[in-house]
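So you know, we letter chains A, B, ... as the sequences are listed, proteins then strands, and number each from 1. Quick caveat: nothing in here was measured; it's all calculated off a predicted structure.
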Amino acid sequence: MNDPRRHTWDVNIAEAMEIQRALAGLVQRSGRLENPRFVAGCDAAFTDGGACIVGALVLLSFPELEVLERRTLKEDVRMPYVPGLLSFREAPTLERLLLSLPQKPDFIMFDGHGYSHPRRLGLACHLGVRLGIPSVGVAKSILTGRIENEAGMVRGSRSWLIDARSGERLAAVLRTRDGVRPLYVSVGHMLDIEEAVRLVLECGRGRRLPEPTRLADALAAEAKRADLRAAND
DNA sequence: GCGACAG
DNA sequence: ATCTTGTCGC
């Protein structure tokens, strides 16, 4: 039997969807992390008119959240952005960055959804399964599903993102800061939703976005500017 | 057929 | 995501 985790990234839309359905069955939505020490944050930016992707990875100590590593990687874009297929566009680069680390982080936080995906295999689930590392999806907006009840306005308040058809809970709608728009926290792999929410809150430092994702986003933007600058002079 | 649609 | 200045508010 061929391990679906060994698939290629060079696929068309139909093949990508089929791969997602196969990998969705390997996602583990239960588990807790015993004394995690290292957390990785990933994000990406695009340059050269959308021809290139700049992946960014930050490694932080946990729970101190001190930056231990920052690295970026620029590559040619292979796939266009298609709702639901984000991982086929960003994961190749992010995966190379994660594999470049001397040691696996205890968990990873991604800028995007995990389980709260049409086929239950958002970016966080995809790379979590491919790498066999616990992961969490932290999205800024909804891909699929509806909000059950509006979350309270105080930090820590939460509600649920529900599947319109089954009523299944897809993600936690979490207020990570008083009065700001909520974040959509979903399971990626090897941990349950409560653990995912706990980790996101513990990685918060007064901002809407948790540090891993926030710093990765800033790093991607920084690398993009540096590259753009080097191209001119 | 008509909307919705992570980054 | 990206294109883009100033501006309203804490």
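Within the 4.0 angstrom heavy-atom criterion, only backbone atoms of the sugar-phosphate kind lie near A:F46; the bases stay farther away. Using a 4.0 Å heavy-atom cutoff across all strands shown, A:G84 reaches at least one base atom of the nucleic acid. Using a 4.0 Å heavy-atom cutoff across all strands shown, A:L94 reaches no nucleic acid atom at all.
In this structure, CD of A:E90 is placed 9 Å from P of B:dG7, rounded to the nearest angstrom. The nearest whole Å value for the distance from the CG atom in A:L127 to the C1' atom in B:dG7 is 14 Å. Counting to the nearest Å, the P atom of C:dA1 and the CG atom of A:D43 are 7 Å from each other. The separation between A:L86 atom CG and B:dA6 atom P is 9 Å, rounded to whole Å. Rounded to an integer number of Å, the gap from CD1 of A:I142 to C1' of B:dG7 is 15 Å. With rounding to whole Å, A:L228 atom CG is found 17 Å from C:dA1 atom P. Atom CZ in A:R146 sits roughly 14 Å away from atom P in B:dC5 (whole-Å rounding). Between the CD1 atom of A:I53 and the P atom of B:dG7 there is a distance of 14 Å, rounded to whole Å.
Nearest heavy atom pair, residue A:A44 against residue A:A220, reads C-CB, 4.1 Å. Minimum heavy-atom separation, A:A45 to A:K224: CB-CD, 4.2 Å.
Within the 4.0 Å cut-off from OP1 or OP2 of B:dG7, at least one side-chain nitrogen or oxygen of A:K140 is found. At the phosphate of B:dG7, OP1 or OP2 sits under 4.0 Å from a side-chain N or O atom of A:S141. Checking the phosphate oxygens (OP1, OP2) of B:dA6, no side-chain nitrogen or oxygen of A:Y184 falls inside 4.0 Å.
Using a 4.5 Å heavy-atom threshold, the side chains of A:L98 and A:L57 count as touching. The side-chain heavy atoms of A:R177 and A:V180, taken from C-beta on, include a pair separated by under 4.5 Å.
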What does the 5'-to-3' dot-bracket notation of DNA chain C look like when only Watson-Crick and G-U wobble pairs under 3.5 Å count, and pairs to other strands show as |?
..........
Parsed dot-bracket for DNA chain B after applying the Watson-Crick and G-U rules with both distances under 3.5 Å and | for other-strand partners is .......
Start with the C-alpha distance between A:S100 and A:R71, add both sets of side-chain angles, then the distance that settles side-chain hydrogen bond (donor to acceptor under 3.5 Å, both in side chains), and finish with yes or no.
CA-CA 9 Å; A:S100 77; A:R71 43 185 77 183; 2.9 Å; yes
Passes side-chain hydrogen bond (donor to acceptor under 3.5 Å, both in side chains), A:Y81 versus A:E90? Steps please.
CA-CA 9 Å; A:Y81 168 68; A:E90 303 189 347; over 6 Å; no
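Here A:L209 contributes atom CG and A:R214 contributes atom CZ; the two are 8.0 Å apart, rounded to the nearest 0.5 Å. To the nearest 0.5 Å, atoms CG (A:L127) and CD (A:E95) are separated by 5.5 Å. Here the CG-CD distance, from A:L85 to A:E15, works out to 11.5 Å after rounding to the nearest 0.5 Å.
Each of A:R198, A:R29, A:R32 was scored for a salt bridge (Lys or Arg N to Asp or Glu O under 4.0 Å) with A:D192, with one residue passing: A:R32.
Aromatic ring centroids of A:F62 and A:F107 lie under 6.0 Å apart. In summary, the aromatic rings of A:H7 and A:F88 are positioned with their centroids under 6.0 Å apart.
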Readout for nucleotides 4-10 of chain C: B = base within 4.0 Å of protein heavy atom, S = sugar-phosphate only, - = neither; 5' to 3' it is -------
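For A:D111, taking side-chain heavy atoms from C-beta onward, the closest of the listed nucleotides B:dA6, B:dG7, C:dT2 is B:dG7.
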